Amino acid sequence: MVRRTVIVSLCLLFSVLTSGCWSSKEIEDLALYTGLALDVGEPAPVEKEFEEKGGTYSKQNKVVATVQVVPIKSASGSMDKKGGGGGGQQKPYSNVSGAGDSILEIFRQFSIRRDRPIIGHHLKVIIISAELLKRQTISQLMDFVMRDNDIRPSTMVYISQGTARDTLTSDQPNEIPSFHIMGMIRNQSRTSKVLSPVTLARLDALTYSKRSFVLQNLIKGDGEVEFSGAGIVKGDTGHWIGFLNQEDTECVAWLNNEGKAGAIKAYDSSGEPMTYEIKAMDSKITATADGGCISFSVKLSSEGRFIETWNDQDTSSSQEFADNAGRIFEAKLAKMMQALLGKLQNEYQCDAAGFGDKLAIQQPAVWKEVKDHWDEAFSKAKIEITYDLKITDFGSFTE
Amino acid sequence: MLSSIIAHIPDWLVFFQAAIAFLLPVGANYLYNILNAWGNTGRFTAAAAGRNAAHKDKTALSASQPSPSSASGTPFSGNYAADLQAIRSAIGSNSDLHFREFPLTKLHTKGTLIYVDGMQNDRLLNLRIMEYLMFEATADTLASPLNSVPAMPFSDLTAAADLTAFNRSVLFGHAGLLIDGMPHGLLIELPGGANRSVTEPVSEALLRGPRLGFSEVLSENTSMLRCQGFSDGLELKSYRIGNQMQKDLVIAYMKDIVNPELLQEVETRISTIDSDFLAESGYVEQLIEDNWLSPFQQVQNTERPDRVISALMEGRIAILLNGTPFALIVPVTFSMLLQSPEDYYERWLPGSLLRMLRFAAAFLALMAPALYISFISFHPGLIPTELAISIIEARQGVPFPSIIEVLILEVSIEILREAGIRLPKPVGPAMGIVGGLIIGDAAVNAGIVSPFLVIVVAVTAISSFSIPMYSAGITLRLLRFAGMLFAAFLGMFGTILFFLLLCSHLTKLKSFGVPYLTPVSPFRLRDWKDLFFRAPLSLMKRRPAMLKTQNDRRKSKV
């Protein structure tokens with residue numbers, strides 16, 4: 001009896017002890033990567049030196065992946081944070097690049113260079129250079145990050161006009177560039193030049209349905225990054241085809257009903273600038289199909305404030321003045337919209353502003369016929385826009 | 001056909017894993033049964049209950065009957081000199097025992113007063129009793145017209161049944177009186193040993209509520225219960241428990257509320273207690289509880305008469321033992337451990353808030369270190385990014401895996417707590433400062449633990465202090481370490497397994513026939529009014545359904 005009890009309890013004990021701390025990985029022995037930049041293949045200087053000494057494997061250098069690893073290991077842990085206040089402005093991140101053909105393979109190449117394995121749970125932003133997206137399709141490049149189950153679907157995807165890995169550097173001493181880029185979308189409440197981010201979850205749907213879409217464009221200048229317009233990715237090819245400028249981007253946001261705020265600046269009759277602050281913006285797109293001819297009528301409405309004028313003479317708050325100013329702003333807006341539609345319909349011939357969605361919802365039968373060659377059909381579609389800007393107040397001023 | 005079936009048969013490894021997965025709980029259950037059977041020897045069992053019941057004498061205080069004689073004592077011979085000699089030879093060797101022989105002048109006879117030093121009021125003994133006996137007592141008073149007890153003017157006067165009982169009572173502190181010509185020894189004056197004044201209950205302090213706490217004297221404690229209000233429903237039943245040194249034990253209940261089956265069960269368990277001495281009510285608790293292997297207490301202990309009386313009004317039963325201020329309440333459910341009388345004394349909104357806060361605190365006290373370990377060692381993706389980065393930075397100097405780190409700090413905190421209880425009052429605060437400084441700051445600076453862990457452990461410690469029952473707090477402290485081990489082995493999966501294990505244990509646990517987790521499981525919606533939040537008093541119209549009381553209406557009109 002006692003022997004049997006001892007045997008049973010030993011069995012129970014061993015089954016626990018042999019399993020040990022199953023798959024335990026201490027967090028300080030891991031490295032998080034918070035940003036990923038993809039460029040055209042040109043090995044980084046470090047890698048070139050490795051390769052000169054024979055550190056290479058079979059590859060064609062189709063892509064260069066750069067990960068931003070935080071935090072970098074300091075020699076004495078938390079101690080030097082208190083002591084060494086002025087001791088060398090060390091950057092809180094380190095960027096590691098590798099060239100190759102498969103993103104996962106490049107990641108595994110990092111493992112033979114670094115002391116801590118990298119984990120992708122905290123990946124925040126992915127930046128793809130436009131040049132690379134011209135050569136490879138978006139679904140090829142994003143295949144790994146969408147399959148990997150560490151990387152979250154909330155990761156945001158951006159395009160970069162120049163080298164993508166440059167956007168992951170910063171001159172600011174205590175700033176992690178990928179967090180900076182991630183934080184920039186907070187400004188969506190101030191300007192519609194900041195588009196709603198395309199997350200991996202959205203990207204998955206967009207690439208699967210072969211729809212054209214825009215990705216926010218990042219440019220780098222003198223140590224700072226800027227959201228500057230957007231890059232268009234054409235649905236049927238999956239390649240980048242061109243950029244929209246900042247005003248175009250604002251219009252895309254308005255057409256997609258994603259915009260929340262912004263400013264419209266115009267010049268009055270005497271050539272002085274005046275500005276309309278958008279407090280509310282709304283768009284209503286109605287699709288009609290008449291035989292083979294598809295047409296859209298867009299109603300853009302907005303309420304806002306007359307917020308700034310450089311003309312000392314006309315500080316009037318009369319209705320007449322408001323109507324007059326409203327017409328000037330409307331004209332400016334119309335110019336912007338026409339510029340955008342010109343680019344979309346004629347230059348790039350692709351629908352990146354969500355007109356296809358409206359057609360699919362409002363005229364499903366027509367959509368079924370045209371959806372396989374929608375981008376062509378879109379470029380021939382007739383789009384009419386009506387504007388309704390309402391100046392509700394003039395701010396506070398003394399008359 | 002056959003080959004397609006064979007293709008679906010898994011290989012041996014899967015069978016082996018299935019066997020382990022099956023045998024592990026079976027083995028654990030086997031171990032549990034063996035341990036349980038082994039530990040139950042010497043405790044009540046259903047079979048033993050009937051057998052032992054006959055040996056115990058019991059008295060109902062309300063009936064004021066003298067206790068029936070136990071068969072074992074030697075009777076009084078009736079001869080004064082012989083009886084005195086017998087007493088002397090039996091207990092006379094005690095140095096604190098006094099024999100005061102004196103003449104009874106009016107009766108022309110003599111008597112002896114036998115008492116123990118310090119247990120009687122000397123002044124009363126000298127002035128009143130001796131004076132009366134020596135100069136006033138007459139033959140009439142010694143004669144017993146009414147009953148066996150002589151008509152002497154003492155409020156507490158009993159005739160001892162036999163010599164053994166007489167000796168025992170004298171040594172317990174009664175004053176014994178032996179008079180020539182009287183067949184029995186008499187016991188006058190209750191024992192009045194050293195005693196402390198009634199103070200506020202230390203272990204269950206309240207801001208609002210009575211400041212009264214039980215004391216060590218059973219009669220005072222029962223009187224405190226009686227003082228709670230006018231009622232003829234409160235019934236107290238007295239037992240004398242213990243083989244070597246006997247002690248008085250009282251069970252209290254409201255006779256028109258309590259469930260008779262529950263009362264029967266409590267009486268049976270009390271009467272089967274087989275122990276030579278009960279030092280504290282904790283002995284009783286451990287000898288009558290349902291499951292001695294459970295980490296959870298199945299009997300509630302309290303120092304507060306108001307808590308006892310409101311438990312009685314719910315249909316529970318209280319057990320009071322002489323010599324301890326801690327009364328026991330049975331049956332107990334899990335939610336009672338996190339309730340405080342103040343929940344009812346404050347208005348219902350703050351009462352409910354505090355109660356939910358306590359549930360949250362109990363969860364933290366139990367799980368916080370386990371969650372820390374599973375986040376740090378297993379699931380770095382579940383921590384917000386900025387926090388993960390600062391944890392990595394903070395932990396880079398720490399040489400230990402998180403389980404060791406947590407154990408170091410948790411064990412030192414527990415040591416500090418244990419030391420704090422035993423420290424003399426003037427040293428206590430100093431110790432708190434030293435402990436806080438050394439363990440918190442110095443350990444971080446020395447790189448033994450990370451600053452983040454100090455927060456976790458501090459929150460855990462504070463949370464466990466917010467649990468109103470001290471013994472429930474100990475249970476959570478104990479289980480916290482088990483949770484930490486589970487987390488260290490299997491991460492979040494292990495933590496969840498641990499929680500499920502606790503839940504399944506609690507569901508199975510019973511206290512005096514009442515499932516421990518009522519009203520959650522079995523589900524009784526009616527009792528949820530007084531679980532996580534406390535409904536307004538006007539809505540609590542009926543007593544808890546789980547106790548199946550005789551009369552479940554709390555209001556005259558429902």
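Computed from a prediction, not measured in an experiment: that's the story for all the values here. The figures here come from the full heavy-atom set of this structure, side chains too, leaving out hydrogens, waters and symmetry mates.
For chain A, the nearby part of B:I391 is the side chain; its heavy atoms alone come within less than 4.5 Å. Proximity to chain A (any heavy atom under 4.5 Å) is restricted, for B:F400, to the backbone atoms N, CA, C and O. Both the backbone and the side chain of A:L30 have a heavy atom closer than 4.5 Å to some heavy atom of chain B. No part of B:V26 comes within reach of chain A, as not one of its non-hydrogen atoms sits under 4.5 angstrom from that chain. At a 4.5 Å heavy-atom cutoff, the contact between B:I376 and chain A is made by backbone and side-chain atoms alike. Of the atoms belonging to B:L485, not a single heavy atom falls under 4.5 Å from chain A.
Atom OH of B:Y30 is surrounded by more than 12 heavy atoms from other residues, nucleotides or ligands within 6.0 Å. Counting non-hydrogen atoms of neighbouring residues, nucleotides and ligands closer than 6.0 angstrom, the CZ atom of B:F493 reaches no more than 12 such neighbours.
Ring to ring, B:F486 and B:F499 are not that close: their centroids are 6.0 angstrom or more apart.
Nearest approach of B:G381 to A:H122, heavy atoms of both residues: CA-NE2, 3.8 Å.
The closest side-chain heavy-atom distance from A:Q68 to A:F179 is not below 4.5 Å. For the pair B:V456 and B:L409, the minimum side-chain heavy-atom distance is 4.5 Å or more.
Residues forming a salt bridge (charged side-chain N to carboxylate O under 4.0 Å, His left out) with A:R152 (at least two apart in sequence, or on another chain): none.
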**OP:** Show the numbers, then the answer: is there a side-chain hydrogen bond (donor to acceptor under 3.5 Å, both in side chains) between A:S196 and A:R202?
**Re:** CA-CA 11 Å; A:S196 296; A:R202 261 179 82 187; 5.0 Å; no
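Among B:S374, B:S450, B:S377, the one residue that satisfies the side chain to side chain donor-acceptor pair (under 3.5 Å) test with B:S402 is B:S377.
Proximity to chain A among residues 500-508 of chain B is not found for any residue, judged by heavy-atom separations below 4.5 angstrom.
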